[in-house]
Amino acid sequence: MTSNRIAYTGFVAFVSVVLTLVVVNLVQGNPEPTAGGTAENANGESVFRLDDVAEHNHAGSCWKVIDGVVYDLTEYLPNHPTEEEVFTRWCGKEATSAWLDKGNGRPHSPRAAARLEDYRIGVLEGGAPAPAPVETADSATQPATGDDRLGRMLLGLAPGNYLDGTYRGNFIDRGLIQVSLQFRLEGGRIKGMSYRHLFYRDEDYLKMDSSAELYPVLRQYQQITERLEGEPMEAIFRLYEPENVVDDIDGYTGATLRGAKVISAFRDGLNRGVYSW
Ligand code: HEM
(Lines give C-alpha, C1' and ligand atoms only; values in the text may rest on other atoms or scores of the structure.)
Protein backbone atom coordinates (compact mmCIF):
# COMPACT_ATOMS: atom_id res chain seq x y z
CA MET A 1 0.00 0.00 0.00
CA THR A 2 2.75 2.42 1.10
CA SER A 3 4.87 1.60 -1.94
CA ASN A 4 1.83 2.16 -4.17
CA ARG A 5 1.37 5.51 -2.56
CA ILE A 6 5.02 6.44 -3.10
CA ALA A 7 4.80 5.34 -6.73
CA TYR A 8 1.59 7.33 -7.16
CA THR A 9 3.09 10.47 -5.54
CA GLY A 10 6.20 10.08 -7.68
CA PHE A 11 4.07 9.77 -10.80
CA VAL A 12 2.04 12.87 -9.93
CA ALA A 13 5.25 14.82 -9.21
CA PHE A 14 6.72 13.69 -12.56
CA VAL A 15 3.61 14.69 -14.49
CA SER A 16 3.55 18.11 -12.75
CA VAL A 17 7.19 18.76 -13.64
CA VAL A 18 6.59 17.82 -17.27
CA LEU A 19 3.44 19.98 -17.44
CA THR A 20 5.24 22.92 -15.81
CA LEU A 21 8.06 22.63 -18.35
CA VAL A 22 5.59 22.51 -21.23
CA VAL A 23 3.71 25.57 -19.94
CA VAL A 24 6.92 27.56 -19.32
CA ASN A 25 8.09 26.61 -22.76
CA LEU A 26 4.85 27.77 -24.35
CA VAL A 27 4.78 31.05 -22.42
CA GLN A 28 8.38 31.95 -23.21
CA GLY A 29 8.19 30.77 -26.81
CA ASN A 30 11.53 29.06 -26.02
CA PRO A 31 13.93 30.45 -28.67
CA GLU A 32 16.68 27.97 -27.67
CA PRO A 33 17.30 25.51 -30.47
CA THR A 34 17.74 21.87 -29.62
CA ALA A 35 20.67 19.95 -31.02
CA GLY A 36 18.53 18.96 -34.00
CA GLY A 37 17.65 22.58 -34.72
CA THR A 38 13.96 22.11 -34.04
CA ALA A 39 13.41 25.56 -32.49
CA GLU A 40 11.45 28.02 -34.55
CA ASN A 41 11.66 31.77 -34.86
CA ALA A 42 8.71 34.18 -35.02
CA ASN A 43 8.35 33.44 -38.76
CA GLY A 44 7.98 29.72 -38.08
CA GLU A 45 11.40 28.96 -39.57
CA SER A 46 13.76 26.42 -38.00
CA VAL A 47 16.68 27.95 -36.12
CA PHE A 48 20.00 26.08 -36.30
CA ARG A 49 23.36 26.47 -34.63
CA LEU A 50 26.62 26.27 -36.53
CA ASP A 51 27.18 22.97 -34.67
CA ASP A 52 24.02 21.53 -36.25
CA VAL A 53 25.16 22.66 -39.69
CA ALA A 54 28.67 21.25 -39.14
CA GLU A 55 27.23 17.73 -38.97
CA HIS A 56 26.17 17.99 -42.62
CA ASN A 57 29.64 18.38 -44.06
CA HIS A 58 29.76 15.87 -46.89
CA ALA A 59 28.24 15.11 -50.29
CA GLY A 60 25.66 12.74 -48.71
CA SER A 61 24.28 15.60 -46.62
CA CYS A 62 25.50 19.07 -47.45
CA TRP A 63 24.23 22.10 -45.53
CA LYS A 64 25.67 25.59 -45.85
CA VAL A 65 25.04 28.93 -44.19
CA ILE A 66 24.87 31.89 -46.54
CA ASP A 67 24.11 35.31 -45.14
CA GLY A 68 22.53 33.89 -41.98
CA VAL A 69 20.26 31.43 -43.84
CA VAL A 70 20.73 27.66 -43.68
CA TYR A 71 20.41 25.66 -46.91
CA ASP A 72 20.31 21.91 -47.45
CA LEU A 73 22.09 21.68 -50.81
CA THR A 74 22.44 17.90 -50.97
CA GLU A 75 20.07 17.56 -53.90
CA TYR A 76 21.50 20.55 -55.74
CA LEU A 77 25.06 19.26 -55.56
CA PRO A 78 25.06 17.14 -58.77
CA ASN A 79 23.85 20.19 -60.73
CA HIS A 80 26.62 22.55 -59.68
CA PRO A 81 28.80 23.47 -62.68
CA THR A 82 32.18 22.78 -61.05
CA GLU A 83 34.12 19.76 -59.87
CA GLU A 84 32.30 18.33 -56.85
CA GLU A 85 35.12 19.19 -54.46
CA VAL A 86 34.80 22.95 -55.14
CA PHE A 87 31.24 22.75 -53.82
CA THR A 88 31.60 20.14 -51.06
CA ARG A 89 34.58 21.91 -49.45
CA TRP A 90 32.03 24.34 -47.99
CA CYS A 91 29.48 21.76 -46.78
CA GLY A 92 28.82 22.14 -43.05
CA LYS A 93 30.23 25.66 -43.02
CA GLU A 94 29.48 29.36 -43.08
CA ALA A 95 29.92 29.88 -46.82
CA THR A 96 28.91 33.50 -47.48
CA SER A 97 32.35 34.56 -48.70
CA ALA A 98 32.48 31.64 -51.18
CA TRP A 99 29.00 32.53 -52.39
CA LEU A 100 29.92 36.18 -52.88
CA ASP A 101 33.17 35.39 -54.66
CA LYS A 102 33.31 32.42 -57.02
CA GLY A 103 37.09 32.67 -56.94
CA ASN A 104 37.33 35.31 -59.66
CA GLY A 105 36.10 38.21 -57.54
CA ARG A 106 32.57 37.83 -58.91
CA PRO A 107 29.44 36.87 -56.97
CA HIS A 108 27.00 34.20 -58.12
CA SER A 109 24.43 35.40 -60.65
CA PRO A 110 20.79 36.31 -59.83
CA ARG A 111 19.89 33.03 -61.57
CA ALA A 112 21.98 31.12 -59.03
CA ALA A 113 20.48 33.19 -56.19
CA ALA A 114 16.98 32.27 -57.37
CA ARG A 115 17.89 28.55 -57.20
CA LEU A 116 19.29 28.91 -53.72
CA GLU A 117 15.87 29.79 -52.31
CA ASP A 118 14.54 26.30 -53.16
CA TYR A 119 16.93 24.76 -50.65
CA ARG A 120 16.30 27.05 -47.67
CA ILE A 121 15.58 25.04 -44.50
CA GLY A 122 15.98 27.64 -41.77
CA VAL A 123 18.10 30.38 -40.29
CA LEU A 124 21.21 30.52 -38.17
CA GLU A 125 20.81 31.24 -34.48
CA GLY A 126 21.78 34.86 -33.85
CA GLY A 127 21.51 35.91 -37.52
CA ALA A 128 24.26 36.41 -40.05
CA PRO A 129 27.83 36.38 -38.76
CA ALA A 130 30.11 38.83 -40.55
CA PRO A 131 31.27 37.00 -43.69
CA ALA A 132 34.94 36.12 -43.66
CA PRO A 133 36.73 38.78 -45.72
CA VAL A 134 37.88 37.54 -49.08
CA GLU A 135 41.64 37.59 -49.37
CA THR A 136 42.87 39.71 -52.24
CA ALA A 137 46.33 39.65 -53.70
CA ASP A 138 46.71 43.30 -52.72
CA SER A 139 45.60 43.02 -49.12
CA ALA A 140 49.08 42.08 -47.95
CA THR A 141 50.56 45.18 -49.54
CA GLN A 142 48.63 48.01 -47.89
CA PRO A 143 50.64 51.17 -48.51
CA ALA A 144 51.96 52.76 -45.35
CA THR A 145 50.03 56.00 -45.12
CA GLY A 146 48.77 57.96 -42.16
CA ASP A 147 45.16 57.70 -43.34
CA ASP A 148 43.78 54.21 -43.76
CA ARG A 149 40.98 55.53 -46.01
CA LEU A 150 43.45 56.77 -48.60
CA GLY A 151 45.36 53.48 -48.58
CA ARG A 152 42.22 51.46 -49.13
CA MET A 153 41.05 53.81 -51.87
CA LEU A 154 44.29 53.36 -53.76
CA LEU A 155 43.80 49.62 -53.71
CA GLY A 156 40.56 50.01 -55.63
CA LEU A 157 37.31 48.31 -54.86
CA ALA A 158 38.21 44.65 -54.40
CA PRO A 159 35.51 42.56 -52.67
CA GLY A 160 35.70 42.89 -48.92
CA ASN A 161 37.65 46.11 -49.34
CA TYR A 162 34.92 48.71 -49.88
CA LEU A 163 34.95 51.82 -47.78
CA ASP A 164 32.01 52.60 -45.58
CA GLY A 165 30.54 56.00 -46.31
CA THR A 166 27.99 57.84 -48.42
CA TYR A 167 28.18 57.52 -52.21
CA ARG A 168 26.51 59.44 -55.03
CA GLY A 169 26.31 58.25 -58.62
CA ASN A 170 24.56 59.08 -61.90
CA PHE A 171 23.38 57.42 -65.06
CA ILE A 172 23.68 59.93 -67.88
CA ASP A 173 22.47 59.32 -71.42
CA ARG A 174 22.86 61.72 -74.34
CA GLY A 175 23.74 64.59 -72.06
CA LEU A 176 20.80 64.15 -69.67
CA ILE A 177 20.91 62.75 -66.17
CA GLN A 178 18.27 60.01 -65.98
CA VAL A 179 19.12 58.45 -62.63
CA SER A 180 20.99 60.06 -59.79
CA LEU A 181 21.13 58.21 -56.52
CA GLN A 182 22.70 58.23 -53.13
CA PHE A 183 23.40 55.37 -50.75
CA ARG A 184 25.54 54.51 -47.77
CA LEU A 185 27.72 51.46 -47.35
CA GLU A 186 27.94 50.04 -43.88
CA GLY A 187 30.05 46.91 -43.56
CA GLY A 188 29.56 46.25 -47.29
CA ARG A 189 25.76 46.53 -47.02
CA ILE A 190 23.50 49.01 -48.78
CA LYS A 191 21.73 51.45 -46.50
CA GLY A 192 19.40 54.41 -47.08
CA MET A 193 19.44 54.29 -50.89
CA SER A 194 17.39 57.12 -52.41
CA TYR A 195 16.94 58.90 -55.73
CA ARG A 196 18.09 62.46 -56.09
CA HIS A 197 16.85 62.67 -59.68
CA LEU A 198 14.76 60.33 -61.84
CA PHE A 199 14.02 61.59 -65.30
CA TYR A 200 13.07 59.98 -68.60
CA ARG A 201 11.57 61.43 -71.79
CA ASP A 202 10.50 64.76 -70.25
CA GLU A 203 8.97 63.04 -67.24
CA ASP A 204 10.24 64.02 -63.79
CA TYR A 205 9.32 60.87 -61.89
CA LEU A 206 10.02 62.32 -58.48
CA LYS A 207 7.34 64.96 -59.05
CA MET A 208 4.66 62.52 -60.20
CA ASP A 209 1.50 62.02 -58.18
CA SER A 210 -0.35 58.74 -57.92
CA SER A 211 -2.74 59.56 -60.77
CA ALA A 212 0.09 59.81 -63.31
CA GLU A 213 0.18 57.12 -65.98
CA LEU A 214 3.79 56.28 -65.19
CA TYR A 215 3.32 56.31 -61.42
CA PRO A 216 3.59 52.45 -61.23
CA VAL A 217 7.10 52.79 -62.63
CA LEU A 218 8.02 55.28 -59.89
CA ARG A 219 6.67 52.79 -57.31
CA GLN A 220 8.88 50.11 -58.81
CA TYR A 221 11.93 52.36 -58.62
CA GLN A 222 11.04 52.98 -54.98
CA GLN A 223 10.63 49.24 -54.36
CA ILE A 224 14.19 48.79 -55.62
CA THR A 225 15.47 51.01 -52.81
CA GLU A 226 13.25 49.29 -50.23
CA ARG A 227 14.30 45.79 -51.26
CA LEU A 228 18.00 46.55 -51.42
CA GLU A 229 18.01 48.04 -47.92
CA GLY A 230 20.50 46.15 -45.77
CA GLU A 231 21.48 43.77 -48.61
CA PRO A 232 25.12 43.04 -49.50
CA MET A 233 26.14 45.39 -52.28
CA GLU A 234 26.37 42.55 -54.82
CA ALA A 235 22.56 42.36 -54.60
CA ILE A 236 22.47 45.30 -57.01
CA PHE A 237 23.12 42.82 -59.85
CA ARG A 238 19.70 41.27 -59.25
CA LEU A 239 18.38 44.33 -61.07
CA TYR A 240 19.53 42.91 -64.39
CA GLU A 241 16.32 40.90 -63.96
CA PRO A 242 14.13 43.49 -62.19
CA GLU A 243 11.17 41.10 -62.09
CA ASN A 244 13.06 39.26 -59.32
CA VAL A 245 13.14 42.43 -57.23
CA VAL A 246 9.98 44.46 -57.79
CA ASP A 247 6.26 43.63 -57.97
CA ASP A 248 3.75 43.95 -60.77
CA ILE A 249 6.12 44.01 -63.72
CA ASP A 250 4.09 43.82 -66.88
CA GLY A 251 4.95 44.50 -70.52
CA TYR A 252 4.37 48.23 -70.06
CA THR A 253 6.21 48.95 -66.82
CA GLY A 254 8.86 46.33 -67.59
CA ALA A 255 9.81 48.15 -70.76
CA THR A 256 10.09 51.46 -68.90
CA LEU A 257 11.84 50.32 -65.74
CA ARG A 258 15.50 49.77 -66.50
CA GLY A 259 17.33 48.06 -63.66
CA ALA A 260 20.54 48.44 -65.65
CA LYS A 261 20.34 52.23 -65.26
CA VAL A 262 20.19 51.87 -61.49
CA ILE A 263 23.12 49.43 -61.56
CA SER A 264 25.07 51.88 -63.70
CA ALA A 265 24.37 54.83 -61.35
CA PHE A 266 25.31 52.67 -58.37
CA ARG A 267 28.61 51.66 -59.95
CA ASP A 268 29.28 55.25 -60.95
CA GLY A 269 28.94 56.13 -57.25
CA LEU A 270 31.43 53.41 -56.31
CA ASN A 271 33.88 54.50 -58.99
CA ARG A 272 33.76 58.09 -57.79
CA GLY A 273 34.61 56.96 -54.28
CA VAL A 274 33.16 58.03 -50.98
CA TYR A 275 31.24 61.31 -51.27
CA SER A 276 31.14 61.90 -47.54
CA TRP A 277 32.38 59.86 -44.62
C1 HEM B 1 29.25 28.15 -51.30
C2 HEM B 1 30.08 27.45 -52.04
C3 HEM B 1 30.13 27.58 -53.52
C4 HEM B 1 31.24 27.69 -54.25
C5 HEM B 1 32.68 27.67 -53.73
C6 HEM B 1 30.86 27.83 -55.63
C7 HEM B 1 31.73 27.98 -56.68
C8 HEM B 1 31.38 28.24 -57.97
C9 HEM B 1 32.29 28.48 -59.04
C10 HEM B 1 33.82 28.44 -58.94
C11 HEM B 1 31.55 28.70 -60.14
C12 HEM B 1 32.08 29.06 -61.53
C13 HEM B 1 32.00 27.87 -62.42
C14 HEM B 1 32.48 28.19 -63.83
O15 HEM B 1 32.40 29.36 -64.22
O16 HEM B 1 32.89 27.27 -64.50
C17 HEM B 1 30.17 28.61 -59.78
C18 HEM B 1 29.11 28.79 -60.64
C19 HEM B 1 27.80 28.61 -60.31
N20 HEM B 1 27.31 28.24 -59.08
FE21 HEM B 1 28.39 28.02 -57.39
N22 HEM B 1 29.49 27.80 -55.72
C23 HEM B 1 29.00 27.65 -54.45
C24 HEM B 1 27.68 27.56 -54.09
C25 HEM B 1 26.63 27.55 -54.98
C26 HEM B 1 25.26 27.38 -54.62
C27 HEM B 1 24.78 27.18 -53.19
C28 HEM B 1 24.52 27.45 -55.77
C29 HEM B 1 23.02 27.32 -56.00
C30 HEM B 1 22.16 26.77 -55.22
C31 HEM B 1 25.43 27.68 -56.85
C32 HEM B 1 25.08 27.81 -58.17
C33 HEM B 1 25.94 28.14 -59.18
C34 HEM B 1 25.53 28.46 -60.53
C35 HEM B 1 24.10 28.45 -61.08
C36 HEM B 1 26.69 28.77 -61.23
C37 HEM B 1 26.80 29.22 -62.71
C38 HEM B 1 27.27 30.67 -62.75
C39 HEM B 1 26.34 31.62 -62.01
O40 HEM B 1 25.13 31.54 -62.25
O41 HEM B 1 26.83 32.41 -61.18
N42 HEM B 1 26.72 27.73 -56.34
N43 HEM B 1 30.08 28.32 -58.44
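Atoms considered below: every heavy atom in the structure, side chains included; atoms not considered: hydrogens, waters and symmetry mates. Atoms within each ligand, like the ligands themselves, are counted from 1 in listed order. This structure is a prediction, so every number in the text was calculated from the model and none was measured.
Heavy-atom contacts from other residues, nucleotides or ligands closer than 6.0 Å to CD of Glu117 number more than 12.
Relative orientation of the Tyr195 and Tyr221 rings is perpendicular, given thresholds of 30° and 60° on the angle between their planes. Taking the six-membered ring for Trp and thresholds of 30 and 60 degrees, Tyr167 and Phe183 have nearly parallel ring planes, at less than 30 degrees apart. The aromatic rings of Tyr76 and His80 lie perpendicular to each other, with more than 60° between the two planes, well past the 30° mark.
Ion pairing between a basic and an acidic side chain is recognised when a charged N comes within 4.0 Å of a carboxylate O; Asp67 and Arg189 show such pairing. Look at Arg89 and Glu83 and you find no salt bridge, because none of the NZ, NE, NH1 or NH2 atoms lies under 4.0 Å from a carboxylate O.
Applying the side chain to side chain contact (heavy atoms under 4.5 Å, CB included) rule to Tyr275 yields the partners Arg168; only residues at least two apart in sequence or on another chain are considered.
Taking a cut-off of under 4.0 Å to the non-hydrogen atoms of Leu73, the atoms of ligand 1 that pass are 27 (C), 30 (C). Of all the atoms in ligand 1, the ones that sit under 4.0 Å from a non-hydrogen atom of Arg111 are 40 (O). In summary, the atoms of ligand 1 found under 4.0 Å from a heavy atom of Arg115, numbered by their order in the structure, are 35 (C).
Closest protein heavy atom to atom 39 (C) of ligand 1: Ser109 OG, 3.3 Å. If you check which protein heavy atom lies closest to atom 32 (C) of ligand 1, you get Tyr76 OH, 3.2 Å.
Lys64 places a side-chain N or O within 3.5 Å of a backbone atom of Phe87 that can act as its donor or acceptor partner.
In terms of heavy atoms, Ile224 sits closest to Leu239 at CG2-CD1, 3.7 Å.
In Lys64, the part holding a heavy atom less than 4.0 Å from any atom of ligand 1 is the side chain.
Atom 15 (O) of ligand 1 is not flagged as protein-proximal [any protein heavy atom, distance under 4.0 Å].
Only protein N, O or S atoms were scored, and 2 of them lie under 2.8 Å from atom 21 (Fe) of ligand 1.
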